[in-house]
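See below for the structure under consideration.
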Amino acid sequence: MTGPVNSRHHRFHHLRFYLVPIIVLWLAAAMGAEAQQCPNLVWQDEFDGTSLDTSRWEPQIGDGCDIGLCGWGNSELQYYKAENATVSGGTLKITAKSERVRGSRYTSARLRTLNQGDFTNGRFEARIKLVEGQGLWPAFWMLPTDEVYGGWPQSGEIDIMEMVGFEPNTVHGTIHYGDPYPNNQNQGAGFRLASGIYADQFHTFAIEKEAGEIRWYMDGVLYSVKTPSDVAPYNWPFDERFHFILNLAVGGNWPGDPDASTQFPNSLEVDYVRVYDGFLPSISGDRVVSYQESGVAYSVANASGTIQWTVPSDATIVSGQGTSSITVDFGTSSGPVTATLSGGCAPGDLSVDVEVEAAYERSFTYENFDDAANAVLGSYTGTLSVIPNPDTGGVNPSALSGEYTRNSGEQYDVLVYSSSAIGDASSYVDKTKKFFVDLYTTAAPGTTVLLQLEDSGQATPSNYPTGRHSRFQAETTVQNGWQRLELPFLDQPDPSTAGTSVDTMIFLFAPNSTNGDTYIYDNFDSYSVAGGGGGGGGGTATTLSVASITTGTQGAGKGQKYGTATVTVIDDLGAPVAGASVTGTFSGTFNETVTDVTGADGSVVLQTTSTASGGVSVSLCVDQVTHGTLTYDPGSNGQTCS
C-alpha cells in the first residue's frame, strides 16, 4: 500500500577529521541591521586553473565501506576517485563514468572543504550546470564540522541543492535533523523550472544563513525559509560551523539505478563556489497564480539604488512601482515579473517566472458523504466516522462530513481510497485536472496534507517508491474552521508508473509525525480546465500537433554516436503541451522506433538505442502523439518528418 512517503535522501554520514588550517566565518549577530551594506567576498574558488585546489577541496575516495558506510548510506553504486574531478576552461567538472573499480560499476567524485572552508553564517552560493539521466544524483550541500549535537542527523545537514536525474527540471533544498536513524527528520522545498531543464545552462544555487534562519535561493529567487519553530520540538543544530560537499552520485535509494537511457560519461560542471559575509539582493513572490488573480505581492530584499518593475503584458502593477515591493493584478498571460536594479551593490535584473493558470471548474466528486461517491473507502490507520457538518454557514454548506482522527502511533498514518474514475493520473500532473478538498482541523496552521496516487498492482507497504505515480501536497492555513484546499502537484516518486494504471488514492495528514489531531474532510473533488483559457490565451485547447523536429547526434564514447531528434508539441492555442507521448521512427543511418514523453516546455528528445561511427545521417518521422485530454491533429503539424 505505502511506505515512507518522504524517503530519506542521505541516511548516514560519517566525518573524517584532519589537522589542517581552519577557515571560520563569524558574522556580527546583528546581520539584519547590515543587510543594506555591500557584502564582502571572503572565500571562493573560481576554478580558473588547470587542477583542483587541494588547499580548499579534499577528494573523498572509495565506496564508503572503509568507514562502515557501504554505498555511502544510500545504496549508491559509485566508487569515488580523485581523478574524476578535473579543472579546465574555467570550470570544475565532476564526471560520472561507467567503469568497474573494486566491485563498483561506476566511478565519480566527491569533494569537501572540511577544515579548509568551514562557515557559520553568511551567503553560500555556487553556479552549476547540472546533469540529466536516470540514476544520477548531483548535490551541493553542507555537513557540520564539529558535530556538537552528536552524529548524523543530530548535528544537522543542509542540502543547498540536490537533483535526481529522472526529474531534471526540479531541484530541492532540504534540512536534516532530529533523532538518529530511523527516527531522523527532514523538510524542505523544491524549485521547478518554468521551462527547460537544469542541464541546459548554468544556474546559481544559494543559501543565506544567520542565527536562527536559513533561506534558499535559485537564480536570486527566494523559495524556502526555515527557522527553529519549523523543527520544534527537535534541536536547531544549524548555528554551528558547516563545510561544503560537491558530488555526483550514481544510483541510490532516491534516484534509483541508471538504465539504458543514462548517458556515461556525464559531468556536473561548476563555474564557481563563493562565500559572502553578508546578503545579496533577492526577489520573492508567487510563481504560480490563479486565472486573473489580483493582489499578488512581489518584493526585493537587500537592494540599494533604484528599482523599476515590469510584469506580463496583461498584468497591472496596482501599487509600489519604484519601491522594493509591488502588488500585481494578473490577467491570462504568463511571463516574468522583473525588478531592474540600478546603482547599489548588485545592479541587474531579478526575475520570477510566473505561470498564470487556466480557469477551472468542478467536474465530479470522489467523496462528499452526501452524494454517491466515485471512490471506495478502503483501509485506514486512524479512526473514521461520518458526522454532521460542524459549520454549515461558511465554505462548506454540506450536511455530512467525514471525521478522521490520526493514529499518533503511526509515523505515516494513511487513509486509502480506490477509484476507477481517476482515468489517466498524468492529467493531474500536467494540471489539466486538479484535486480540491474541504478541511476543518484542530491541527496548527502549516500542517501538511499529502495525497499520493498509486498503482495497487505494484505498490506494497515495503517497496516505496515503486508504484507511486505522483504526490500532491498542501499546507493548512486555518485552525478549527473550514478551508478549501487545492492539492497542487508535488513530485513523481516513481515516474515509470503509468498514469493509466493508477487506481488508489492515499491521504496522509501530517505525514512523518506522531500527532493525533482530528481532520474533518469533505468535498474531495476533481476539477478540469474550464472555458476561458489562461496561461496566455482565451478558449480551451482541444487538439495538439507537432510544431518542429530537430535532428542531431549525441556522443556515445569511443567514436560512436546516438541519433537524436528533438520534437516540440503545441496545442491549438499555441501553448506547449507537457505529458504528450511521442512515437517516431528514425531513418538514414538508424532504423528504429522510439517513444518518450514531452516535458513542461512541450519538447522531448528521442534517442536511438543503437550507435554508429563516422558520418551518420539522422532523419525522423513522427508516427503518433497521444495525450490524456488532447487529440492529435497531424493535419496541423508544422513538421511531421525531418
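The first residue of the sequence shown is numbered 1, and numbering continues consecutively from there.
For Ser75 and Asn253, the side-chain atoms include at least one donor-acceptor pair closer than 3.5 Å. A donor and an acceptor atom, one from each side chain of His243 and Thr113, are nowhere located under 3.5 Å apart. In summary, the side chains of Glu269 and Thr91 do present a donor paired with an acceptor at a separation below 3.5 Å, with no hydrogens or angles considered. Side-chain contact check for Asp349 and Ser351: no donor-acceptor pair (N or O, by modelled atom type) lies under 3.5 Å. With no hydrogens or angles considered, no side-chain donor-acceptor pair links Tyr80 and Arg110 at under 3.5 Å. Between the side chains of Gln187 and Tyr177, at least one donor N or O sits under 3.5 Å from an acceptor N or O.
Under the 4.5 Å side-chain criterion, counting only non-hydrogen atoms from C-beta, Leu77 is in contact with Pro258. Counting only heavy atoms from C-beta outward, the side chains of Val354 and Tyr298 approach each other to under 4.5 Å. Proximity of Arg274 to Leu41: side-chain heavy atoms (C-beta onward) are separated by under 4.5 Å at one or more points. Side-chain atoms of Ile94 and Asn247, non-hydrogen and from C-beta on, never get closer than 4.5 Å to each other. The side-chain heavy atoms of Gln554 and Val605, taken from C-beta on, include no pair separated by under 4.5 Å. When side chains are defined from C-beta on, Thr145 counts as touching Leu114, because their heavy atoms get closer than 4.5 Å. The shortest side-chain heavy-atom distance between Asp63 and Arg102 does not fall under the 4.5 Å cut-off. For the pair Trp72/Ile67, a side-chain contact is recorded, criterion being any heavy-atom separation below 4.5 Å from C-beta on.
Phe330 pairs by the ring pair (Phe, Tyr, Trp, His ring centres under 6.0 Å) definition with nothing, not counting sequence neighbours. Shown here are the salt bridge (Lys or Arg N to Asp or Glu O under 4.0 Å) partners of Asp286, two or more places apart in sequence or in another chain: there are none.
Side chain of Thr323 to main chain of Ser325: a donor-acceptor pair is present (N/O by atom type, distance under 3.5 Å, no hydrogens or angles). A donor-acceptor contact shorter than 3.5 Å is absent between the side chain of Thr338 and the backbone of Thr310. Of the possible polar contacts, none joining the Thr598 side chain to the Val604 backbone as a donor-acceptor pair under 3.5 Å is found. No donor-acceptor distance shorter than 3.5 angstrom exists from the side chain of Glu157 to the backbone of Thr174, with no hydrogens or angles considered. At least one donor-acceptor pair under 3.5 Å links the side chain of Gln134 to the backbone N or O of Asp257. Proximity of a side-chain donor or acceptor of Asp277 to a complementary backbone N or O of Asn40 within less than 3.5 Å is detected. Asp259 contributes a side-chain N or O that, together with a main-chain N or O of Ser261, makes up a donor-acceptor pair within less than 3.5 Å.
In terms of heavy-atom proximity, Phe166 sits nearest to Pro495 at CD1-CG, 3.4 Å. The shortest heavy-atom contact between Trp216 and Ile160 is CD1-O, 3.6 Å. Of all non-hydrogen atoms in Tyr234 and Gly178, the two that sit nearest each other are CD2-CA, 3.6 Å. Smallest separation of non-hydrogen atoms from Gln78 and Ser108: CG-CB, 4.2 Å. The two residues Pro237 and Gln154 make their nearest non-hydrogen contact at CB-O, 3.4 Å. Taking each heavy atom of Ser290 and Val356 in turn, the nearest pair found is O-CG1, 3.9 Å.
If you run side chain to side chain contact (heavy atoms under 4.5 Å, CB included) between Arg192 and each of Val288, Asn169, Leu490, Val171, only Asn169 comes through. The only option from Phe238, Tyr276, Phe124 that meets the ring-ring contact (aromatic ring centres under 6.0 Å, His included) definition with Phe119 turns out to be Phe124. Under the ring-ring contact (aromatic ring centres under 6.0 Å, His included) rule, Phe205 has a single partner from Tyr198, Phe140, Tyr217, Trp141, which is Tyr198.
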Dump the intermediate steps for side chain to side chain donor-acceptor pair (under 3.5 Å) on Ser299 and Ser284, then the final yes or no.
-> CA-CA 6 Å; Ser299 63; Ser284 60; 3.1 Å; yes
Test side chain to side chain contact (heavy atoms under 4.5 Å, CB included) applied to Tyr106 and Glu76, step by step | CA-CA 10 Å; Tyr106 305 94; Glu76 297 168 28; over 6 Å; no
Candidate pair Ile175 and Lys226, rule side chain to side chain contact (heavy atoms under 4.5 Å, CB included), full reasoning | CA-CA 8 Å; Ile175 52 174; Lys226 296 298 176 185; 4.0 Å; yes
Please assess Leu341 against Leu350 for the test side chain to side chain contact (heavy atoms under 4.5 Å, CB included), listing each intermediate value before the final yes or no.
-> CA-CA 8 Å; Leu341 311 183; Leu350 291 169; 3.9 Å; yes
Go through the steps to decide whether Arg56 and Leu111 satisfy the test side chain to side chain contact (heavy atoms under 4.5 Å, CB included), and finish with yes or no.
-> CA-CA 9 Å; Arg56 290 181 170 89; Leu111 310 175; over 6 Å; no
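Of the inter-residue distances, the one linking Asp118 atom CG with Asp146 atom CG reads 7.5 Å to the nearest 0.5 angstrom. A distance of 4.0 Å separates CD1 in Ile245 from CG in Leu143, rounded to the nearest 0.5 Å. Taken to the nearest 0.5 Å, the CD atom of Gln60 stands 4.0 Å off from the CZ atom of Arg112. Distance check, rounded to the nearest 0.5 Å: NZ of Lys209 to CZ of Phe242 gives 6.0 Å. One distance of note links CD1 of Ile283 with OG of Ser324; it measures 11.0 Å at 0.5 Å rounding. Here the straight-line distance linking atom CG of Asn121 with atom CD of Glu240 works out to 10.0 Å at 0.5 Å rounding.
The pair Glu355-Lys431 counts as a salt bridge, with a side-chain nitrogen and a carboxylate oxygen less than 4.0 angstrom apart. Glu99 has a carboxylate O that lies under 4.0 Å from a charged side-chain N of Lys81, or vice versa, which qualifies the two as a salt bridge.
Below 30°, between 30° and 60°, or above 60°: for Trp137 and Trp254 the angle between ring planes is above 60°, a perpendicular geometry.
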